[in-house]
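Presented below is the structure to which this report refers.
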2 protein chains.
Amino acid sequence: MPTPSMEDYIEIIYNLIETKGYARVSDIAETLEVHPSSVTKMVQKLDKGEYLLYEKYRGFILTEKGKKVGEKLVFRHELLEDFLAIIGVDKENIYNDVEGIEHHLSWNSIDRLVDLVKYFKEDEQRIEDLRKVQKENEK
Amino acid sequence: MPTPSMEDYIEIIYNLIETKGYARVSDIAETLEVHPSSVTKMVQKLDKGEYLLYEKYRGFILTEKGKKVGEKLVFRHELLEDFLAIIGVDKENIYNDVEGIEHHLSWNSIDRLVDLVKYFKEDEQRIEDLRKVQKENEK
DNA sequence: AATAATTTTTATCATAGGCAAAATTGTTTC
DNA sequence: GAAACAATTTTGCCTATGATAAAAATTATT
């Protein structure tokens, strides 16, 4: 089992490779707002855990295991962003909140959130009803 | 701002005092499944943060600040348990998941979850509709 | 008073990150 | 193409949190 921090890195590496085709230490450092040396250390740890193959100074690629995990993590992240947006959380809080909770939910909870998001998406009226409740609560 | 770990302790101390009238090192250690020495250290830290008044070997009581925080934390914890139960997460996962995420949600998200829980509680039909979506998803 | 239970201290560990210096790679410039 | 410089990456050491283990101190009980 990867630690929360390891998950963060795997997720970002997966995303970078998807969008840019490659992931480098400096990109990851910038995205996570940590120092490059911290990234190197984690990459070495992920190599030990066989999430990626690492070659000093040359770079790294995700293993099958790493890709599989990365895909799940990205799916989960997007689901949670969807969910918070639907219930009306402000944009500026969404990323941080997801960042905070994504590593701490069982897959059972994730499955139920999938259902919940579907529940709202499949009938616009439900979201409107929710907004009504929210308006009521404000008073 | 208390750290997540500090919040855990404050919350449990608040609960213990509410239900038993007092909180002792050994109780807390047992509830949190950590060693008594860890509890002592954290209690000292909470004393420094003025969440409680601590007297070596004698015990401790929450300050006004500690009580205020504790109350909010307990409210948040119960809200999250409610929420996960409503969306159908299995009982055996609820406590751990709440434990994991409660320290990482903005109060903005908490407010929106209050609305959401109210949305479901105020009309039983909505929960039934959600269950229908869940039945559909299973297939 | 002796023993038991609880609490505290001290020392140590693991994770994760910061910072500075060294190593390597990449890019100019001649 | 080689030397000089720049950028990137890595290493080594330090810090902070939060936990454990064992031993010491205190309180409680018999």
Side-chain angles (χ1 to χ4, degrees), chain A residues 1-13 16-17 20-62 66 69-70 73 96 98-104, chain B residues 1-13 16-17 20-62 66 69-70 73 96 98-104:
Chain A
M1 279 276 102
T3 64
S5 192
M6 286 164 81
E7 288 194 348
D8 271 338
Y9 281 87
I10 295 172
E11 191 180 320
I12 280 158
I13 291 168
L16 284 171
I17 291 178
K20 300 181 53 174
Y22 60 90
R24 280 189 312 190
V25 170
S26 47
D27 296 322
I28 301 166
E30 211 172 318
T31 311
L32 276 177
E33 294 181 300
V34 296
H35 284 214
S37 56
S38 307
V39 177
T40 299
K41 251 187 257 176
M42 184 56 85
V43 166
Q44 290 165 347
K45 190 174 177 183
L46 292 173
D47 177 86
K48 271 192 198 153
E50 296 185 319
Y51 296 99
L52 48 79
L53 294 175
Y54 166 65
E55 271 186 272
K56 259 197 197 186
Y57 292 106
R58 312 298 300 287
F60 43 84
I61 51 169
L62 289 174
V69 172
L73 299 183
N96 274 339
V98 170
E99 191 56 35
I101 68 176
E102 64 185 340
H103 313 294
H104 302 285
Chain B
M1 277 277 101
T3 63
S5 191
M6 285 164 82
E7 288 194 350
D8 271 339
Y9 281 87
I10 295 172
E11 189 180 322
I12 278 156
I13 290 168
L16 283 170
I17 291 178
K20 299 181 56 173
Y22 61 91
R24 280 188 312 191
V25 170
S26 47
D27 295 323
I28 301 166
E30 209 172 320
T31 311
L32 276 177
E33 293 182 301
V34 296
H35 286 217
S37 56
S38 309
V39 177
T40 298
K41 238 198 255 178
M42 184 56 84
V43 166
Q44 289 165 348
K45 189 176 178 181
L46 293 174
D47 176 86
K48 271 190 198 154
E50 297 185 318
Y51 296 99
L52 48 79
L53 294 175
Y54 168 63
E55 271 186 88
K56 262 197 195 187
Y57 292 107
R58 312 296 300 286
F60 43 84
I61 52 168
L62 289 174
V69 173
L73 299 182
N96 274 339
V98 170
E99 190 56 36
I101 68 175
E102 63 185 340
H103 313 293
H104 302 284

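These numbers come from a predicted model, not from an experiment. Below, all heavy atoms of this structure are taken into account, side chains as well, without hydrogens, waters or symmetry copies. The chains referred to below are lettered A, B, ... by the order of the sequence lines, with proteins before strands, and numbering in each begins at 1.
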### Message
Can you measure A:Arg58 atom CZ to C:dA23 atom C1' for me and round it to whole angstrom units?
### Response
15 Å
### Query
Looking for any heavy atom pair under 4.0 Å, which part of the strands does B:Ser26 touch: base, sugar-phosphate only, or nothing?
sugar-phosphate
### Query
Does A:Ser5 make a side-chain N or O approach to OP1 or OP2 of C:dT15 shorter than 4.0 Å?
no
### Query
How about A:Met42 and A:Asp8: do any of their side-chain heavy atoms sit closer than 4.5 Å?
no
### Query
Heavy-atom distance under 4.5 Å between the side chains of B:Tyr9 and B:Leu46, does that happen here?
yes
### Query
Which whole-number value in Å describes the distance from A:Glu30 CD to D:dT9 C1'?
15 Å
### Query
Do any side-chain nitrogens or oxygens of A:His35 fall under 4.0 Å of OP1 or OP2 in C:dG17?
no
### Message
Measuring only between side-chain heavy atoms, which start at C-beta, is B:Leu32 closer than 4.5 Å to B:Val39?
### Response
no
### Query
When only distance counts, do a donor and an acceptor, one from the side chain of A:Lys41 and one from the base of C:dG18, lie under 3.5 Å apart?
yes
### Message
Under 4.0 Å from OP1 or OP2 of C:dT8: is there any side-chain N or O of B:Thr40 that close?
### Response
yes
### Message
Taking any heavy-atom pair under 4.0 Å as a contact, classify A:Tyr9: base, sugar-phosphate, or nothing.
### Response
sugar-phosphate
### Task
In whole angstrom, give the distance that lies between atom CE of A:Met42 and atom P of C:dT15.
10 Å
### Query
Using a cut-off of 4.0 Å on non-hydrogen atoms, how would the nucleic acid contact of A:Tyr54 be classed: base, sugar-phosphate, or nothing?
sugar-phosphate
### Task
Quick one: list whatever passes ring pair (Phe, Tyr, Trp, His ring centres under 6.0 Å) with A:His103, sequence neighbours left out.
none
### Summary
With the side chain defined as heavy atoms from C-beta on, B:Ser38 is closest, among D:dA19, D:dT9, C:dA16, to D:dA19
### Query
Does A:Gln44 put a side-chain nitrogen or oxygen below 4.0 Å from OP1 or OP2 of D:dT11?
yes
#### Entry: Nucleotide D:dA19, atom C1' - distance to CD of B:Glu33 in whole Å
14 Å
### Message
Please determine whether a side-chain nitrogen or oxygen atom of B:Ser37 lies at a distance below 4.0 Å from atom OP1 or OP2 of C:dT9.
### Response
no
### Atom-pair distance (CZ on A:Arg24; P on C:dT25), nearest Å
14 Å
#### Entry: Atom-to-atom span, CE of B:Met6 to C1' of D:dT17 - whole angstrom
11 Å
### Query
Do B:Ser38 side-chain atoms and B:Val34 backbone N/O form a donor-acceptor pair below 3.5 Å?
no
#### Entry: Atom-to-atom span, CD1 of B:Ile28 to P of D:dA19 - whole angstrom
12 Å
## Note on the structure
When B:Pro36 and A:Tyr57 are each assigned the nearest nucleotide of DNA chain C, the 5'-most assignment goes to B:Pro36
### Summary
note: B:Glu55, atom CD; C:dT6, atom C1'; distance rounded to Å ~ 17 Å
